[in-house]
Amino acid sequence: MSPQNHQHAPLRLADEADAAAARDEAESGQHRFDEIIADDSRIEPRDWMPESYRKSLVRQVSQHAHSEIIGMQPEGNWISRAPSLKRKAILMAKVQDEAGHGLYLYSAAETLGTPREDMYDQLYSGKAKYSSIFNYPARTWADVGAIGWLVDGAAIVNQVPLCRASYGPYGRAMVRICKEESFHQRQGWEILYSLSHGTQEQREMAQAAVDRFYGPALQMFGPPDGDSPNSQQSMAWNIKRFTNDELRQRFVDMIVPQVEALGLTLPDPELKWNEERGHYDFAELDWDEFFAVIKGNGPLSRQRLEHYRSARDEGAWVREAAVAYANRVSQEQDRDQAALIGA
Amino acid sequence: MSFASHDSATRQSQGEAITAEEIAASGATADEATARYALILGDDALMLSQRLGAWVSRAPELEEDVALANIALDLLGHARFLLTYAGTAWGKSEDDLAYFREEEEFRSCRLVEQENGDFGKTIARQLIFSFYQHELYSRLVHSTDATLAAIAEKALKEVDYHQDHAAQWVLRLGLGTEESSRRMQAGLDSVWSYVEELFTDVEPITELGDVAVLPSTLREPTLNRLHQVIEQADLSVPDMSGAHGADRSGRHSEQRGFILAEMQVLARRHPGATW
Ligand SMILES: [Fe+2]
Ligand SMILES: [Fe+2]
């Protein structure tokens with residue numbers, strides 16, 4: 001709508017004309033959108049999209065970005081203490097990748113019209129959610145292995161189908177991210193493999209870490225399908241392709257042979273191959289804990305947020321300086337240009 | 001899917017040219033003096049990498065988390081090459097040298113051991129050290145020791161980026177706001193007294209001839225370039241002489257003990273373990 005087109009018409013008429021035009025546009029836009037979704041092809045930033053689709057995507061993509069950022073903390077804490085220089089290098093590269101994932105995802109969300117600063121503010125204020133797994137502590141070196149193997153592993157299972165998400169920039173960001181996540185999972189598995197084939201103490205450390213991260217990792221797929229009201233709509237829009245429970249099952253089926261190769265066990269006495277279903281059966285998870293952590297009462301929920309806030313606060317003067325400097329440079333360029341034209 | 005193969009998960013490129021593993025496997029053996037020189041260079045890189053690694057998830061912007069981690073990773077790579085090569089003289093691995101030497105056995109300079117402070121101080125330390133390293137490595141590529149020359153060649157390309165990163169930030173902070181200029185100046189003031197130590201000719205460097213680069217010969221070109229950037233950023237070169245009392249021989253900063261306590265704690269709890 002551009003008001004200046006109607007500046008000579010009576011105000012009331014102009015309003016009505018605008019409203020009618022908007023209705024037409026929405027109608028043809030919706031039609032086109034529905035076609036794209038039905039064809040399973042891609043919505044791009046310039047395409048018309050329903051407001052609810054845009055909102056839901058901003059929420060999902062920004063939550064995903066926040067998870068990458070907060071996710072740097074538990075493992076980042078081990079960079080200084082990594083037990084060999086090679087492990088230190090691999091871990092540093094991994095945590096750096098996560099920062100990069102955050103950048104890709106914030107950029108994807110920005111194409112939906114939400115500025116990055118707004119998303120930062122939401123995380124800062126505690127309004128935004130992120131994956132609750134990162135509110136658990138990384139106490140031992142083996143936790144770094146368990147996080148890589150299970151948490152990045154669950155992320156892959158979740159994210160591979162998202163590479164086909166109907167929103168183009170999101171799907172494309174996921175393709176880049178998934179490639180790196182598989183390195184992450186592998187390095188985690190390798191850490192655990194070295195530990196489980198090492199000394200008695202190392203082996204115990206590895207098993208304890210798997211015991212602690214197994215449940216929370218399975219909960220990364222979200223609540224059971226019956227308790228996940230947004231999933232249906234998200235699947236109808238071709239953002240999500242499988243339900244939470246389907247993805248969780250796929251993950252369990254994937255990690256059972258992997259844990260066997262490690263020579264470790266998963267902390268679930270009910271875990272058993274079900275010939276009929278062609279899947280592993282596993283015990284119900286502790287959903288009370290899950291919802292408590294989601295509400296901000298995870299073991300480290302406050303610590304993670306405070307860490308994020310203090311980094312933002314302490315860096316404020318640097319960001320201000322960068323803006324001031326950029327303005328100064330562009331003013332100088334304008335002046336130079338003006339001088340050139342003048343001459 | 002199984003990960004039963006034992007390929008490394010290391011995905012950061014250690015360069016086409018050289019890796020720590022290749023140095024270990026190459027059969028090149030450093031003599032005692034060359035090994036002690038490699039320790040001086042390697043310990044500097046290791047300490048600074050350890051310091052910069054602490055910025056990850058704490059940087060002023062997400063892009064800086066990436067940039068500082070990148071620099072820390074490069075330095076860690078250099079440290080791994082140099083410690084691996086040094087270790088060939090004594091039958092020790094990079095990890096033996098990094099994790100099982102005592103505080104007074106390290107040869108790092110005090111500059112790289114200084115606390116991160118605020119971003120201004122970190123950038124001041126980066127500026128000085130990357131400019132010094134750039135001069136150093138651009139000469140060390142001509143070392144008569146083939147391994148050191150190869151390491152320098154690889155490192156030089158990376159340090160080129162490090163000095164650009166630091167200089168850009170010095171300009172932004174120096175010419176940004178009143179606060180940033182004040183903090184950038186305070187950062188320079190805080191670390192400047194450790195500059196001279198970089199240019200002190202200590203043994204074994206003095207005995208190594210064309211294997212090494214004599215630190216005193218780096219002084220003028222490094223300082224000239226530092227002065228240029230500092231002046232361009234409307235800041236002043238601190239007027240102070242070098243802090244006494246260190247010569248890379250075990251008389252080190254107070255901070256070194258803390259750095260090592262953290263870095264070595266896990267490895268020392270499990271001596272002989274593989275990771
Ligand atoms: Fe990630
Ligand atoms: Fe990851």
Side-chain angles (χ1 to χ4, degrees), chain A residues 69 72-73 76 79-90 92-97 99-100 102-103 106 141 148 180 183-191 193-195 197-199 201-202 254 257-258 261 307-308 310-312 314-326 328, chain B residues 1-4 6-12 14 20 46 49-50 53-54 56-66 69-70 72-73 76-77 79-80 83 94-95 98-99 118-120 169 171-173 175-177 179-181 183-184 259 262-267 269-270 272-275:
Chain A
I69 300 314
M72 293 164 73
Q73 291 182 34
I79 290 174
S80 64
R81 292 172 292 167
S84 75
L85 296 186
K86 184 175 167 193
R87 288 279 166 225
K88 189 193 286 287
I90 294 170
M92 212 178 323
K94 179 194 191 271
V95 179
Q96 184 195 29
D97 282 349
L103 280 173
Y106 283 124
W141 174 250
E180 295 180 345
F183 284 109
H184 297 177
Q185 193 195 16
R186 173 184 279 244
Q187 65 86 36
W189 190 89
E190 286 185 352
I191 288 174
Y193 188 92
S194 303
L195 294 175
H197 292 75
T199 66
E201 262 183 305
Q202 284 179 305
M254 178 182 95
Q258 291 176 357
H307 178 115
Y308 178 77
S310 71
R312 289 297 292 165
E314 281 160 28
W317 67 273
V318 178
R319 296 191 299 277
E320 281 159 23
V323 171
Y325 178 74
R328 180 180 173 142
Chain B
M1 176 161 60
S2 159
F3 297 128
H6 290 265
D7 292 353
S8 163
T10 316
R11 48 171 302 285
Q12 73 275 2
Q14 302 282 13
L46 180 61
S49 170
Q50 185 76 2
V56 178
S57 86
R58 290 184 178 84
E61 307 200 52
L62 202 40
E63 284 83 351
E64 275 310 295
D65 281 306
V66 175
N70 217 348
L73 257 174
L76 182 55
R80 294 188 60 201
L83 294 191
E94 52 175 327
D95 289 335
Y99 292 94
D118 68 2
F119 191 70
W169 271 114
L171 288 178
R172 280 191 206 114
L173 298 181
L175 302 171
T177 64
E179 181 181 13
S180 69
S181 160
R183 286 188 187 241
M184 189 61 236
I259 297 176
E262 193 173 345
M263 187 177 92
Q264 296 177 333
V265 62
L266 178 61
R269 211 173 127 182
H270 304 269
T274 38
W275 301 96

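So you know, we letter chains A, B, ... as the sequences are listed, proteins then strands, and number each from 1. Keep in mind that the numbers below use all heavy atoms, side chains included, and drop hydrogens, waters and symmetry copies.
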Audit row: A:Asp97, A:Phe183, side chain to side chain contact (heavy atoms under 4.5 Å, CB included) steps and yes/no
CA-CA 10 Å; A:Asp97 282 349; A:Phe183 284 109; 5.8 Å; no
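- Proximity to chain A involves both the backbone and the side chain of B:Leu175, based on heavy atoms less than 4.5 angstrom apart.
- Note: B:Leu62 leads B:Val56, B:Leu62, B:Asp65, B:Leu266 in heavy-atom pairs under 4.5 Å with chain A.
- By number of non-hydrogen pairs under 4.5 angstrom with chain B, the leading residue of A:Ala321, A:Ala324, A:Ala311 is A:Ala321.
- By the 4.5 Å heavy-atom criterion applied to side chains, B:Trp275 and A:Gln202 are counted as neighbours.
- Proximity to chain B (any heavy atom under 4.5 Å) is restricted, for A:Arg328, to the side chain, taken from C-beta onward.
- Note: A:Met72 leads A:His197, A:Arg312, A:Met72 in heavy-atom pairs under 4.5 Å with chain B.
- In this structure, B:Arg172 is positioned above the aromatic face of B:Trp169, its NZ or CZ under 6.0 Å from the six-membered ring centre and within 45° of the axis.
- A:Glu320 and B:Thr177 share no side-chain donor-acceptor pair at under 3.5 Å.
- A donor-acceptor pair under 3.5 Å links the side-chain atoms of B:Asp95 to the main chain of A:Leu85, judged by distance alone.
- Per-residue heavy-atom pair counts under 4.5 Å with chain A were compared for B:Arg269, B:Glu262, B:Met184, B:His270, and the maximum is reached by B:Glu262.
- For the set B:Ser180, B:Ser181, B:Gly272, the count of heavy-atom pairs under 4.5 angstrom toward chain A peaks at B:Ser180.
- Heavy-atom pairs under 4.5 Å with chain B peak, among A:Ser194, A:Gly315, A:Pro83, A:Gly76, at A:Pro83.
- Neither the backbone nor the side chain of B:Ala54 comes within contact range of chain A, judged by heavy atoms closer than 4.5 Å.
- With a 4.5 Å cut-off on non-hydrogen atoms, B:Ile259 does not touch chain A at all.
- Of all non-hydrogen atoms in A:Ala99 and B:Val66, the two that sit nearest each other are CB-CG2, 3.7 Å.
- Both the backbone and the side chain of A:Leu103 come within less than 4.5 Å of a heavy atom in chain B.
- Only the side chain of B:Tyr99 has a heavy atom closer than 4.5 Å to any heavy atom of chain A.
- If you measure heavy-atom distances from B:Glu94 to chain A, the contacts under 4.5 Å come from both the backbone and the side chain.
- Inter-residue side-chain proximity for A:Arg87 and A:Ile191 is flagged as met; some heavy-atom pair is nearer than 4.5 Å.
- The most heavy-atom pairs under 4.5 Å with chain A, out of B:Leu83, B:Asn70, B:Val265, come from B:Asn70.
- Your options are B:Glu61, B:Arg58, B:Arg183, B:Glu179, and the one with the most heavy-atom pairs under 4.5 Å with chain A is B:Arg183.
- Using a 4.5 Å heavy-atom threshold, the side chains of B:Pro60 and A:Glu314 count as separate.
- Here the side chains of B:Met263 and B:Leu46 are in contact, with some heavy-atom distance below 4.5 Å.
- For A:Tyr308, no part lies under 4.5 angstrom from a heavy atom of chain B.
- Annotation: ring pair (Phe, Tyr, Trp, His ring centres under 6.0 Å) contacts of A:His307 (sequence neighbours excluded): none.
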